[in-house]
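Structure, as structure tokens:
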Amino acid sequence: MIKRALWQGLLAGAAGGVVMTLGEKIEQAITGRPDSHVPARVLERLTGLPERPGKQPLALNWAMHFGQAALLGVVRSIMAQAGLRGPVASAKFTVVRLTNDQILENATGVGAPPTTWPRTELVVDLLHKAVYAFVTGAVADALAARDGDGPGQRHAALRPGRHADIGPLSHEDAYTR
């Protein structure tokens, strides 16, 4: 399952990153909002690269932007392989995506907590990260569905809901697919 989740997640996350970026570029053309250089600044801090004032190199920005999107896609793919699929799973993953950004940006001192942001910036960020999460989720779910139901789905098929008299799947039933 993990091997499948790895390649499927990288693909799903990359797809989500591309669609999110296209959405950002459309939104920026409409609103006039400038490009963010936060991804490059975070990558510089994480890797010890020399920091530059002002506009950051596009290659660094995209490396962090798309690298983070692809790597986080693995988390969503693991969710899908386990049987956590659909819009509710993608909504949960939106929180993971936002949390990952905030940990990296705040831990490196590049960003500030979202509670301090202007509301319009917060809404724009939430929208773009939700687009990423739902596109990544759709791709991860479609790829995982080719492998059949996940262990959680197979367990739920025994009797929907949570019931004390329904134990876990056998080890073989949980891990053979």
Side-chain angles (χ1 to χ4, degrees), residues 2 5-82 84-144:
I2 296 299
L6 180 61
W7 76 263
Q8 291 176 3
L10 291 172
L11 182 64
V18 167
V19 173
M20 177 180 69
T21 302
L22 291 173
E24 287 171 336
K25 294 305 177 190
I26 292 168
E27 172 265 319
Q28 288 174 312
I30 294 168
T31 65
R33 185 176 63 88
D35 286 338
S36 170
H37 298 282
V38 169
R41 292 186 198 301
V42 169
L43 186 58
E44 288 170 344
R45 293 265 172 107
L46 290 173
T47 61
L49 290 170
E51 296 183 37
R52 299 168 178 86
K55 191 173 181 179
Q56 300 299 300
L58 185 61
L60 281 183
N61 230 30
W62 284 29
M64 185 64 177
H65 182 75
F66 287 109
Q68 187 177 8
L71 287 174
L72 278 175
V74 175
V75 174
R76 183 59 178 85
S77 183
I78 291 169
M79 292 171 67
Q81 286 290 335
L84 300 169
R85 299 178 187 163
V88 172
S90 291
K92 291 176 183 179
F93 182 61
T94 302
V95 175
V96 171
R97 178 65 168 100
L98 290 162
T99 301
N100 179 77
D101 272 6
Q102 290 309 305
I103 289 170
L104 293 174
E105 292 171 15
N106 284 271
T108 58
V110 171
T115 54
T116 66
W117 297 7
R119 293 298 167 240
T120 54
E121 286 183 34
L122 185 59
V123 169
V124 167
D125 193 54
L126 290 171
L127 175 67
H128 291 309
K129 297 309 183 328
V131 166
Y132 162 80
F134 278 80
V135 170
T136 300
V139 174
D141 290 350
L143 292 171

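For the single chain, residues carry numbers from 1 onward in sequence order.
- E44 and R52 are joined by a salt bridge, as a carboxylate oxygen and a charged side-chain nitrogen come within less than 4.0 angstrom of each other.
- A distance of 9.5 Å separates OG1 of T116 from CD of E121, quoted to the nearest 0.5 Å.
- In plain terms, the two heavy atoms of N61 and V38 that are nearest each other are OD1-N, 4.4 Å.
- Across all their heavy atoms, S77 and Q8 have their closest contact at OG-CB, 3.6 Å.
- Atoms CG and CD, from N100 and E105 in turn, are 9.0 Å apart once rounded to the nearest 0.5 Å.
- Sparse packing is recorded around CH2 of W62, with 12 or fewer heavy atoms of other residues, nucleotides or ligands lying under 6.0 Å away.
- In this structure, E24 CD and Y132 OH are separated by 12.0 Å, a value rounded to the nearest 0.5 Å.
- At least one side-chain heavy atom of L72 sits under 4.5 Å from a side-chain heavy atom of F93.
- Here the side chains of M64 and Q56 are not in contact, with every heavy-atom distance at 4.5 Å or above.
- Looking at D125 and L98, their side chains come closer than 4.5 Å, going by heavy atoms from C-beta outward.
- At a threshold of 4.5 Å between non-hydrogen side-chain atoms, the residues D35 and K25 count as touching.
- The distance from atom CG of L122 to atom CG of L126, rounded to the nearest 0.5 Å, is 4.5 Å.
- A donor-acceptor pair under 3.5 Å is absent between the side-chain atoms of R33 and the main chain of Q28, judged by distance alone.
- The CZ atom of R45 sits 13.0 Å away from the CG atom of L104 when rounded to the nearest 0.5 Å.
- Going from atom CG of N106 over to atom CG of D101 covers 10.0 Å, rounded to the nearest 0.5 Å.
- Between E51 and R41, none of the side-chain N atoms (NZ, or NE/NH1/NH2) sits under 4.0 Å from a carboxylate O, so this pair counts as no salt bridge.
- Scanning all heavy atoms of the two residues, the minimum distance from Q102 to A112 falls at OE1-O, 3.5 Å.
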Run the side-chain contact (heavy atoms from CB on, under 4.5 Å) test on L6 and I78 for me, step by step, so that the C-alpha distance in whole Å, both residues' side-chain angles and the decisive distance to 0.1 Å come before the verdict.
CA-CA 8 Å; L6 180 61; I78 291 169; over 6 Å; no

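- Pairing each heavy atom of L43 with each of A63, the nearest pair is CD2-CB, 4.1 Å.
- Side-chain contact between V18 and F66: present, with at least one pair of heavy atoms (C-beta onward) separated by less than 4.5 Å.
- With hydrogens and angles ignored, the 3.5 Å screen pairs no side-chain donor or acceptor of D141 with any backbone N or O of A80.
- Across all their heavy atoms, A89 and M79 have their closest contact at O-CE, 3.4 Å.
- The nearest pair of heavy atoms linking S90 to R76 is OG-NH2, 3.2 Å.
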Quick one: do T136 and M20 satisfy side-chain contact (heavy atoms from CB on, under 4.5 Å)? Show the steps, please.
CA-CA 10 Å; T136 300; M20 177 180 69; over 6 Å; no

